[in-house]
Amino acid sequence: MDNAKQLTVNAIRVLSAEAIQKANSGHPGLPLGAAPIGYAAFTNMVFNPKNTSFDNRDRFVLSAGHGSMLDYALYYLFGFGLTKEDIMNFRQLGSKTAGHPEYGVCPGVETSTGPLGQGIANAVGMAIAEDYLANKFNKEGFPIVDHYTYALCGDGCMQEGIENEAASLAGALKLGKLIVLYDDNDITIEGNTDITFTEDVGKRHEAMGWQVIKVKDANDLNALNRAIKKAKAEKDKPSLIIIKSVIGYGSHLAGSASCHGAPLGAEGVETLKKNLGWTCEPFEVPEEVFKHCKKFANKGRRAERAWKAMFKAYAEQYPELAKEYISWKKKELPDLANIEELWQFEKDDASRGYSATVLNKLAKYVPNLIGGSADLAPANKSNMKGRGEYLPDDKSGSNMHFGIREHAMAAIVNGMYLHGSLIPYCATFAVFSDYMKNAMRMSAIMELPVTYILTHDSIGVGEDGPTHQPIEHLAGLRSMPNMRVYRPADGRETAAAWISALKGKTPSCLFLSRQTLPMLEGTGKNAFKGGYVLADSTKKTPDVILMATGSEVNLAVKAKAVLAESGIDARVVSMPCMEDFEAQSAKYKESVLPSAVRARVAIEAGAPMCWYKYVGLDGKIVGMTTFGESAPAGKLFEKYGFTVDNVVATVKELF
């Protein structure tokens with residue numbers, strides 16, 4: 001290894017150890033052992049650190065996000081805009097260099113990688129997006145979309161179930177532009193991996209359709225470069241490069257679990273420097289290192305200039321495609337709210353059916369809409385007719401098959417969105433959102449407007465029983481910051497939910513029914529406000545306010561009519577999205593839920609927690625406090641009190 005290369009690898013190691021020691025917090029083991037892996041990746045990649053959003057850049061995902069100082073050292077040395085002060089402020093309040101890489105915070109970070117395995121699944125999504133867009137836009141002589149996705153994983157990622165789910169799909173889809181660098185150091189927090197993890201990872205991936213390449217020593221840069229070149233040459237299989245490394249290389253704790261997640265100590269850092277022959281002052285790096293890294297940054301800038309010239313020629317030869325490419329990149333949307341056909345429905349339907357109607361109309365106006373289900377498309381009604389399928393040997397369609405892989409599906413969709421140009425959605429039963437929750441949480445943290453179609457939304461699932469009937473899921477997802485949860489009452493509210501989801505700046509969940517919901521008088525664009533008066537009282541101040549979502553809104557309307565016979569004048573408020581309602585002005589919210597009216601009843605076939613702030617101390621909730629059971633839906637609604645008689649009786653208890 002020549003001097004500049006060795007100096008750069010050691011700079012990554014020393015900066016990482018120093019930053020972690022100064023913070024008195026962090027994970028030095030991975031950056032010390034994997035420094036040459038990160039260096040090899042960056043010196044083989046195409047990127048422009050002065051324009052981190054360059055369309056045709058290679059993507060790099062540190063799936064083992066606890067080793068974040070590897071990322072930050074690379075971004076600093078290769079000129080992404082981080083400063084020495086940013087490195088010194090590692091893990092401090094307001095710093096760009098957080099404990100795990102954060103999308104939108106640190107320049108160059110392609111995705112937030114916290115929980116192990118999320119990153120590699122995101123990388124699979126990015127590779128899918130590259131593959132799909134290349135099929136759509138590339139023409140002979142014009143490889144407009146032509147880049148690689150790299151992910152660096154550790155033993156922890158390889159043990160997580162989501163990695164196997166994502167890798168299985170990647171192999172099936174023949175994602176030849178995906179390269180996974182496996183930092184195989186045989187150590188996790190509790191010790192050597194052989195206490196729990198003895199499988200042959202390479203054979204597992206070979207069985208899933210991957211090319212597997214082995215590098216015996218992470219410090220052999222020539223071997224690493226040969227492996228990456230071999231990976232790039234394989235066009236029909238994703239590549240896994242298994243690299244044997246020593247955790248905490250160069251330190252007194254090398255090879256032990258002790259250096260996984262704790263600083264080396266002041267003496268340990270000095271020992272590391274001595275072992276590496278490092279003589280610089282703390283946080284100082286030889287100018288030779290920056291000059292060396294700048295060569296690769298300059299290579300990337302030249303690549304971007306060449307790409308722009310190619311795109312200009314492409315636009316002259318294929319003007320319509322070029323225009324569409326730019327529109328997709330900007331994720332431009334038409335004025336969906338004023339497209340009349342989105343609000344029109346021919347018959348009463350389940351809200352999953354209304355959703356299918358809206359989705360298929362949207363497909364005409366949003367060409368870069370892409371998505372699918374975890375093997376439940378016929379039940380979720382999530383297919384777009386006439387849009388074809390995205391398959392291993394035909395990448396032209398925009399209906400995806402994720403297989404029965406809910407956890408990976410949600411993380412893959414995050415990666416598809418992060419790549420750019422695509423507007424993705426995914427679908428499953430609402431109860432299975434538990435399998436997706438971590439990835440959904442990551443989309444909320446990153447504020448990615450991904451749409452989650454979650455059908456079979458309540459005990460209305462019926463005979464499949466309590467294992468398939470979501471009870472606590474609405475409350476759980478509503479408690480998640482940045483997540484908007486819609487439970488529409490009919491077709492027009494479903495249209496509003498879809499339009500809001502696509503126009504939103506954060507992710508959205510559409511909770512949709514299995515059972516038929518009638519079209520209701522008064523629904524429409526007011527649903528954009530999240531909560532609105534659907535059926536008002538005849539008095540200026542109503543006697544009672546009935547609040548409901550989804551299938552229970554019609555129940556509230558029926559109860560209003562019966563209450564009127566008893567002289568109780570009710571207002572019915574539909575609340576399809578609490579988050580959108582909370583975003584309205586105080587004046588508007590007061591107009592819908594006047595504080596003077598303390599008699600309030602909320603009706604929802606789910607856990608009641610979210611409703612207490614709306615019903616107050618004097619109100620009541622008709623909800624679910626137990627799991628359901630197996631029986632026809634109608635019988636279950638009757639048993640658990642979702643009837644006109646019970647709602648009326650509950651209201652009368654307030655007087």
Asks: Under the salt bridge (charged side-chain N to carboxylate O under 4.0 Å, His left out) criterion, do E604 and R478 qualify, and how do the steps go?
Replies: CA-CA 14 Å; E604 185 174 69; R478 284 171 178 156; 2.8 Å; yes
Asks: Between S351 and S513, do the side chains contain an N or O donor and an N or O acceptor separated by less than 3.5 Å?
Replies: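 Yes, because at least one side-chain N or O of S351 sits under 3.5 Å from a partner of the opposite role on S513.
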Asks: Between E324 and K329, is there a salt bridge with N-O shorter than 4.0 Å?
Replies: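 E324 and K329: not salt-bridged.
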Asks: Tell me whether the guanidinium CZ or amine NZ of K437 lies under 6.0 angstrom from the six-membered ring centre of F432 and within 45° of its axis.
Replies: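 No, K437 does not sit over the ring of F432.
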Asks: Would F637 and E552 satisfy side chain to side chain contact (heavy atoms under 4.5 Å, CB included), going step by step from the backbone distance to the final call?
Replies: CA-CA 10 Å; F637 280 121; E552 288 72 69; 3.9 Å; yes
Asks: Any ring pair (Phe, Tyr, Trp, His ring centres under 6.0 Å) pairs touching residues 332-371, not counting sequence neighbours?
Replies: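 Listed by first then second residue: W343-F528, F345-Y354.
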Asks: Check D569 with K539, please: is the shortest side-chain N to carboxylate O separation under 4.0 Å?
Replies: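 Salt bridge between K539 and D569, a charged N being under 4.0 Å from a carboxylate O: no.
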Asks: Would you check, one step at a time, whether the test salt bridge (charged side-chain N to carboxylate O under 4.0 Å, His left out) holds for E447 with K505?
Replies: CA-CA 6 Å; E447 299 185 6; K505 304 299 183 184; over 6 Å; no
Asks: Can you find a pair of side-chain heavy atoms, one from Y390 and one from Y132, that are under 4.5 Å apart?
Replies: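 Yes. Closest side-chain heavy atoms under 4.5 Å.
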Asks: Rounded at 0.5 Å granularity, tell me how far CD in E160 sits from SG in C153.
Replies: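 Separation between the atoms: 11.5 Å.
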Asks: Let me check something: any side-chain donor-acceptor pairs from residues 396-414 under 3.5 Å, sequence neighbours excluded? List them with distances.
Replies:
| from | atom 1 | to | atom 2 | distance (Å) |
| --- | --- | --- | --- | --- |
| S396 | OG | D394 | OD1 | 2.6 |
| S398 | OG | R387 | NE | 2.9 |
| S398 | OG | R387 | NH2 | 3.3 |
| N399 | OD1 | M384 | N | 2.8 |
| N399 | ND2 | M384 | O | 2.8 |
| N399 | ND2 | G388 | O | 2.9 |
| H401 | NE2 | E389 | OE2 | 2.5 |
| R405 | NE | E165 | O | 3.3 |
| R405 | NH1 | F402 | O | 2.9 |
| R405 | NH2 | S168 | OG | 2.8 |
| H407 | NE2 | Q118 | NE2 | 3.3 |
| N414 | ND2 | A439 | O | 3.0 |

Asks: Is it the case that the side chains of N646 and Y640 hold a donor-acceptor pair, with the cut-off being a distance below 3.5 Å and no angle test?
Replies: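 Per modelled atom types, Y640 and N646 side chains form no pair under 3.5 Å.
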Asks: Show me the donor-acceptor pairs within less than 3.5 Å that the side chains of residues 452-461 make with the rest of the protein, sequence neighbours left out.
Replies:
| from | atom 1 | to | atom 2 | distance (Å) |
| --- | --- | --- | --- | --- |
| Y452 | OH | S443 | OG | 2.9 |
| T455 | OG1 | N380 | ND2 | 2.8 |
| D457 | OD2 | R487 | NE | 2.9 |
| D457 | OD2 | R487 | NH2 | 3.3 |
| S458 | OG | G460 | N | 3.0 |

Asks: Measuring from atom CD1 of I603 to atom CE of M575, what distance do you get when rounded to the nearest 0.5 angstrom?
Replies: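 Nearest 0.5 Å value for the CD1-CE distance: 12.0 Å.
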Asks: When D580 is tested against each of R484, K529, K589, K503 for salt bridge (Lys or Arg N to Asp or Glu O under 4.0 Å), which residue passes?
Replies: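 Of the listed residues R484, K529, K589, K503, the salt bridge (Lys or Arg N to Asp or Glu O under 4.0 Å) partner of D580 is R484.
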Asks: Should L133 and H419 be marked as a side chain to side chain contact (heavy atoms under 4.5 Å, CB included) after you check the CA-CA gap, both sets of side-chain angles, and the distance that decides it?
Replies: CA-CA 10 Å; L133 293 167; H419 177 279; 3.5 Å; yes
Asks: Could you check whether the rings of Y614 and F581 sit parallel, tilted or perpendicular, using 30° and 60° as the cut-offs?
Replies: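 Ring orientation, 0 to 90° scale: perpendicular.
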Asks: Looking only at side-chain N and O atoms, does E332 offer a donor or acceptor that is under 3.5 Å from a partner on S327?
Replies: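 Yes, E332 and S327 have a side-chain donor paired with an acceptor closer than 3.5 Å.
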